[in-house]
Amino acid sequence: MNRRVSYFKHTEFHFVTIDDVKYVSLRSLRLKERPEEGEVFQTFELTATGCNPFEIIRITSAINLIKDESLKEYLQGALLQ
């Protein structure tokens with residue numbers, strides 16, 4: 001699992017790559033409605049204070065769920081990195 005953090009419009013985005021599939025943190029997207037259960041995956045993050053749950057969604061699925069065009073472009077760029 002490869003993880004990176006970036007910022008867009010003062011919002012912290014957590015990106016995760018697992019087996020060449022790119023995901024974004026569900027919390028970063030700040031969606032008004034939770035996506036369908038089959039689209040959300042849970043993983044865990046080890047920190048100095050313990051193991052924290054971390055919900056992620058495929059970037060391609062996130063692009064289809066959001067309405068903000070500039071955020072869609074940002075996420076499409078994240079797919080290329």
Note: Lys9 and Ser70 closest approach over all heavy atoms is NZ-OG, 2.9 Å
Note to self: Centre-to-centre under 6.0 Å for Phe41 and Tyr23, is that the case here?
What the structure shows: yes
| query | Taking the side chain as C-beta and beyond, is there a heavy-atom pair between Thr11 and Phe8 under 4.5 Å? | reply | no
Determine whether Phe13 and Val5 make a side-chain contact, defined as any pair of heavy atoms from C-beta on separated by less than 4.5 Å. no
Between the CG atom in Leu71 and the OG atom in Ser28, the distance rounded to the nearest 0.5 Å is 10.0 Å
Heavy-atom nearest pair, Ala78 first then Phe15, reads CB-CE2, 3.6 Å
Taken to the nearest 0.5 Å, the spacing of Leu75 CG from Leu80 CG works out to 11.5 Å
With a sphere of 6.0 Å drawn around CD of Glu36, does it hold more than 12 non-hydrogen atoms of other residues, nucleotides or ligands?
no
Checklist entry - Considering residues, nucleotides and ligands other than Arg4, do more than 12 of their heavy atoms fall under 6.0 Å from its CZ? => result yes
Can you find a heavy atom in the side chain of Ile57 that is under 4.5 Å from one in the side chain of Leu65?
yes
**Q.** Criterion salt bridge (Lys or Arg N to Asp or Glu O under 4.0 Å) on Glu39 and Arg34, from CA distance to verdict
**A.** CA-CA 10 Å; Glu39 294 185 34; Arg34 187 171 173 85; over 6 Å; no
- prompt: Can you find a heavy atom in the side chain of Ser25 that is under 4.5 Å from one in the side chain of Phe54?
  reply: yes
Value for CG (Leu79) from CD1 (Ile59), rounded to nearest 0.5 Å, stands at 4.5 Å
Separation between CG (Leu29) and CD (Glu55), nearest 0.5 Å, reads 11.5 Å
Tightest non-hydrogen contact, residues Arg58 and Val21, listed as NH1-CG1, 3.8 Å
Discussion item. With heavy-atom distances below 4.5 Å as the criterion, would you say the side chains of Leu31 and Ile66 are in contact?
Written reply: yes
Nearest heavy-atom contact between Arg27 and His14 is NH2-NE2, 3.6 Å
Phe44 and Cys51 have their tightest heavy-atom pair at CB-SG, 3.4 Å
**Asked** Is the shortest heavy-atom distance from the side chain of Val40 to the side chain of Leu26 under 4.5 Å?
**Response** yes
